[in-house]
Amino acid sequence: MQDESIRDDRQALTGDLAAMTSPLQAYLETLHHTYQPLREGAMADYIPELAKANPDWFGICIVTVDGRVYQVGNYDQEFTMQSVSKPFVYGLALEDHGRDYVLSKVGVEPSGDAFNAIVLDEQSNRPYNPMVNAGAIAIAGLIKGENPAERMNRLLELFRRYTGRTMRLDVAVFLSERTTGDRNRAIAYLMRNFGMLAGNLEETLDLYFQQCSLLVTCHDLAVIAATLANDGLNPITHERAVDADYVQDMLSVMYTCGMYDFSGEWAYRVGLPAKSGVGGGILAVAPRKLGIGVFSPLLDTRGNSVRGVKVCTEISRHFGLHAFNTCTDDTRLREAIFGRL
Ligand code: GLN
């Protein structure tokens, strides 16, 4: 009896050591060390509360579809989700209304414009896609619920399923966005002018500002990304976050539009569906393999995290994760996770 429990303990210990010394963990630590000194970029300051972030914050996390976690740096520092929320609320709108109806309201074309452009497709009057602000505001207007509280609770519940933990709102960021959000207000009024946005505009904008103000960590981003990589099933809690039917819709718009007007170059260089936010988060999905979360608040001129773009580019290249990598040999990734095979 005693012998057995000693053996169990020893096994648990060796398991922990394996995770601590795994080549993938070591690789992430090297990456973190390499890019920590990079000070390019600037913090988003058009939402005053966001400018209070620390430029040194930097976290990287990878979660595999079988629930293994590798993380380094400020992986548990909270920050606001901002635009990283957009594909997931889009997924909920698809569940609420189905593909055809949602497509009649919001297109799926990359726009080549900035994320906050006040522009609609001239022929259809639709926002170009759900990843730019116009599209995301239209999507927020489609979320079902009797009243604002019920709609917000549905979003909290949605992200609870994706992250596996209770979500909280950064009220200061929410209020900051709401008081300085006239550009988003202008977009909403333009859509109403064309009959593309019904209902109470201020309520819809509030829901949009609230989804942007949800607090997450870099670890959460990797779990969310791994959930999409795992066909909508959270690999840690095993709870379904979204109907598997819509995962490909979400990944498609992330692939073509997720990094704003850097999306083409991102698709070319990194080759993974991804989404960034002006809070400094980026998540990237390697379907059927893993999810990546990176957090660093210094942004480039397009609103993407500078360290985040570098890290995702490196990880994708190192493990051959590009969607169109024709080499099917994934030995390098398997060895990084399991040791030499
Ligand atoms: N809340 C931000 C805005 O609407 C989101 C933008 C972003 O993360 N790119 O401007």
Side-chain angles (χ1 to χ4, degrees), residues 41-61 71 73-90 92 115-116 131 133 136-137 139-140 143 145 147-185 187-188 202-225 227 241 260 275-283 293-299 303-305 307-308:
M43 235 110 62
D45 55 5
Y46 73 103
I47 304 169
E49 257 325 284
L50 288 185
K52 296 182 181 167
N54 179 345
D56 289 330
W57 280 338
F58 181 25
I60 312 172
C61 180
Q71 46 199 9
N74 304 103
Y75 57 82
D76 56 3
Q77 170 63 49
E78 289 193 311
F79 56 95
T80 54
M81 225 180 173
Q82 298 297 334
S83 289
V84 180
S85 60
K86 290 172 180 171
F88 308 96
V89 183
Y90 179 56
L92 187 62
F115 66 84
N116 55 4
M131 302 295 105
N133 288 10
I137 294 166
I139 291 296
I143 296 307
N147 51 53
E150 194 178 310
R151 290 190 280 275
M152 184 55 202
N153 281 333
R154 290 193 68 216
L155 293 196
L156 291 171
E157 181 51 21
L158 173 76
F159 286 105
R160 185 200 59 73
R161 293 196 301 271
Y162 274 108
T163 60
R165 68 184 190 103
T166 307
M167 302 302 293
R168 285 187 310 122
L169 194 73
D170 186 323
V171 178
V173 171
F174 165 59
L175 294 175
S176 186
E177 291 220 41
R178 185 202 241 173
T179 35
T180 58
D182 282 345
R183 202 179 166 93
N184 286 324
R185 224 160 258 125
I187 294 171
E202 286 302 325
E203 283 178 10
T204 296
L205 283 162
D206 271 358
L207 190 66
Y208 171 73
F209 294 140
Q210 283 163 345
Q211 76 177 65
C212 290
S213 310
L214 289 174
L215 284 165
V216 285
T217 64
C218 167
H219 170 92
D220 292 333
L221 293 187
V223 177
I224 298 172
T227 300
Y260 311 116
K275 190 71 202 83
S276 64
V278 293
I282 297 183
L283 61 75
V294 190
F295 164 56
S296 165
L298 289 171
L299 308 179
N304 297 323
S305 165
R307 291 187 185 111

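With rounding to the nearest 0.5 angstrom, the CD atom of Q77 is 10.5 Å from the SG atom of C218. The CZ atom of R185 sits 9.5 Å away from atom CD1 of I137, with the distance rounded to the nearest 0.5 Å. Rounding to the nearest 0.5 Å places CG of L205 at 10.0 Å from CG of D182. Residue Y162 holds its OH atom at 10.5 Å from CG of L283, rounded to the nearest 0.5 Å. In this structure, SG in C61 is found 13.5 Å from CZ in F295, a value given to the nearest 0.5 Å. Separation of atoms CD (Q210) and CZ (F174) is listed at 4.5 Å; rounding is to 0.5 Å.
Residues P55 and P297 share a closest heavy-atom pair of CA-CG, 4.4 Å. Of all heavy-atom pairs spanning R151 and I143, the tightest one is CD-O, 3.1 Å. The shortest heavy-atom contact between V216 and M81 is CG2-CG, 3.8 Å. Among all heavy-atom pairs drawn from F209 and N184, the shortest one is CE2-ND2, 3.6 Å. Considering every non-hydrogen atom in both S296 and S305, the closest pair reads O-OG, 2.8 Å. What you find for F79 and L221 is that their closest heavy atoms are CZ-CD1, 3.7 Å.
Side chain of D45 to main chain of P48: no donor-acceptor pair is present (N/O by atom type, distance under 3.5 Å, no hydrogens or angles).
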For I224 and F88, what are the C-alpha separation, side-chain angles and deciding distance, and is it a side chain to side chain contact (heavy atoms under 4.5 Å, CB included)? CA-CA 9 Å; I224 298 172; F88 308 96; 3.3 Å; yes
Before giving the answer on side chain to side chain contact (heavy atoms under 4.5 Å, CB included), spell out for Q211 and M152 the whole-Å C-alpha distance, their side-chain angles and the decisive distance to 0.1 Å. CA-CA 8 Å; Q211 76 177 65; M152 184 55 202; over 6 Å; no
Does the pair L169 and L214 meet the rule for a side chain to side chain contact (heavy atoms under 4.5 Å, CB included), with working shown? CA-CA 5 Å; L169 194 73; L214 289 174; 4.0 Å; yes
Full working for side chain to side chain contact (heavy atoms under 4.5 Å, CB included) between L50 and E177: CA-CA 10 Å; L50 288 185; E177 291 220 41; 5.9 Å; no
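A donor atom on one side chain and an acceptor atom on the other are not found under 3.5 Å apart for N116 and N133. No hydrogens or angles considered: nothing links the side chains of E49 and S176 as a donor-acceptor pair under 3.5 Å. Inspection of the D170 and T80 side chains reveals no N or O donor paired with an N or O acceptor under 3.5 Å.
Annotation: side chain of V173 is in contact with side chain of Q82 (closest heavy-atom distance under 4.5 Å). In this structure, F159 and D220 have side chains that are not in contact, with every pair of non-hydrogen atoms separated by 4.5 Å or more. By the 4.5 Å heavy-atom criterion applied to side chains, M131 and P87 are counted as neighbours. With contacts defined as side-chain heavy-atom distances shorter than 4.5 Å, the pair K275/Y260 qualifies. Residues L299 and N304 form no side-chain contact, since every pair of their non-hydrogen atoms from C-beta on lies 4.5 Å or further apart.
Taking a cutoff of 4.0 Å between a charged side-chain nitrogen and a carboxylate oxygen, R160 and E157 qualify as a salt bridge. Ion pairing between R178 and E203 fails under the 4.0 Å rule for side-chain N and carboxylate O.
Taking the centre and axis of the six-membered ring of Y208, the NZ or CZ atom of K86 falls outside the cone set by 45° and 6.0 Å.
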